[in-house]
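Here's the structure, in structure tokens; my notes come after.
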Number of protein chains: 2
Amino acid sequence: MEQVNAILALAALAQSTRLETFRLLVRHEPDGLPAGDIARALAVPHNTMSTHLNILARAGLVSSERRSRLIVYRADVSRLRDLTLFLVQDCCGGNADLCAPLVEALNPCRSSEKVAP
Amino acid sequence: MEQVNAILALAALAQSTRLETFRLLVRHEPDGLPAGDIARALAVPHNTMSTHLNILARAGLVSSERRSRLIVYRADVSRLRDLTLFLVQDCCGGNADLCAPLVEALNPCRSSEKVAP
DNA sequence: TCCATATGTCGAGAATACCCGAAATGTGGA
DNA sequence: TCCACATTTCGGGTATTCTCGACATATGGA
């Protein structure tokens, strides 16, 4: 991921409505959610939400698909992964020891796959 | 990390000069860099850089310490870790399988500690 | 004390982001 | 075809951010 795209993604997430939208969509993976439901869930006018969704989409953080009358939005977690890797990359490059605690803190996420004995 | 602080950090990094500043400081851990050197390295007027550094500091991403005449800035990697954890948390909560590839992609960072056999 | 260096603060202009009412587009059914 | 619904686009007003010249503050040495 290049810096320009990283900034796009960071700016997209640096706004409360959009951040909540993205988190809401992550929780609704892989089904997604129609634009109207998102606007209703976050109590935001539908046209305002449309603008926010467009910004998230241009940043590659969400994708949309028309399902008859609805337009269903989904979170693109791989984009979040790319962003995370971009941010962490610098520590890894020259300072692997700096990066270790960060990666370590992330590992508990996998504990729900195989529960601790 | 609460959402308010996450947004502060995201907004701080969503600007090219500040993002480059942070990455520069990460590469200069743990020595840090004086404000003037940072401004010179990125070809930005010192007062403009001062404003950007203040925004990064309020987001907790950098810290400053006076060393006689210089004010040396350092990147706070733990804050980046908290931000990363905040972003990843949602996947982990309900969707551990979504999170697994993200964590997996991060693990190669540790390869420089113990080289693959 | 006075000066040079390093950094921060103030103020204002330009650019950009945010929000939402109103109108337009696209879809499926009567 | 016409209508109801879902979503986007347009227009604007307001708020915020970005930038930088000018000035202010802090430190150490002559």
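Proteins come first, then strands; the chains are lettered A, B, ... in the order of their sequence lines, and each starts at number 1.
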### Message
Which residues in residues 33-46 of chain A have a heavy atom closer than 4.0 Å to any atom of DNA chain D?
### Response
A:P34, A:A35, A:G36, A:H46
### Query
Near DNA chain D, under 4.0 Å by heavy atom, which residues of residues 56-74 of chain A?
A:R69, A:L70, A:I71, A:Y73
## Note on the structure
Residues at least two apart in sequence or cross-chain that pass salt bridge (Lys or Arg N to Asp or Glu O under 4.0 Å) with A:R79, listed by chain then number, are none
### Task
For residues 33-49 of chain A, pull every pair meeting salt bridge (Lys or Arg N to Asp or Glu O under 4.0 Å), keeping only residues two or more places apart or in separate chains.
A:D37-A:R40
Side chains of [X] and [Y] in contact at under 4.5 Å (non-hydrogen atoms):
{"X": "B:L33", "Y": "B:V72", "answer": "no"}
{"X": "A:L87", "Y": "B:L13", "answer": "yes"}
{"X": "B:D76", "Y": "B:F22", "answer": "no"}
{"X": "B:E65", "Y": "B:R74", "answer": "no"}

Nearest-Å distance, [atom1] ([X]) to [atom2] ([N])?
{"X": "B:N47", "N": "C:dT7", "atom1": "CG", "atom2": "P", "result": "13 Å"}
{"X": "A:Q15", "N": "C:dT16", "atom1": "CD", "atom2": "P", "result": "18 Å"}
{"X": "B:N54", "N": "C:dT9", "atom1": "CG", "atom2": "C1'", "result": "10 Å"}
{"X": "A:R18", "N": "C:dA17", "atom1": "CZ", "atom2": "P", "result": "9 Å"}

#### Entry: side-chain contact (heavy atoms from CB on, under 4.5 Å) partners for A:D82, two or more places apart
A:M1
### Task
Applying side chain to side chain contact (heavy atoms under 4.5 Å, CB included), run through B:Y73 and B:I71 and close with a yes or a no.
CA-CA 7 Å; B:Y73 282 85; B:I71 294 187; 3.8 Å; yes
When you compare the protein's N or O atoms with those of nucleotides 13-15 of chain C, which come within less than 3.5 Å of each other, and at what distance?
none

Please enumerate all residues that pass side-chain hydrogen bond (donor to acceptor under 3.5 Å, both in side chains) together with [X], with sequence neighbours excluded.
{"X": "A:E20", "result": "B:Q3"}
{"X": "B:R66", "result": "none"}
{"X": "A:T48", "result": "none"}

Which donor-acceptor pairs under 3.5 Å do the side chains of residues 49-63 of chain B make with protein atoms, sequence neighbours left out?
from, atom 1, to, atom 2, distance (Å)
B:T51, OG1, B:N47, O, 3.2
B:H52, ND1, B:R18, NH1, 3.2

### Query
Nucleotide range of DNA chain D contacted by chain B, 5' to 3', under 4.0 Å to a heavy atom?
D:dC18 to D:dG28
#### Entry: side chain to side chain donor-acceptor pair (under 3.5 Å) contacts in which one or both residues fall within residues 5-17 of chain B, not counting sequence neighbours
B:E2-B:N5
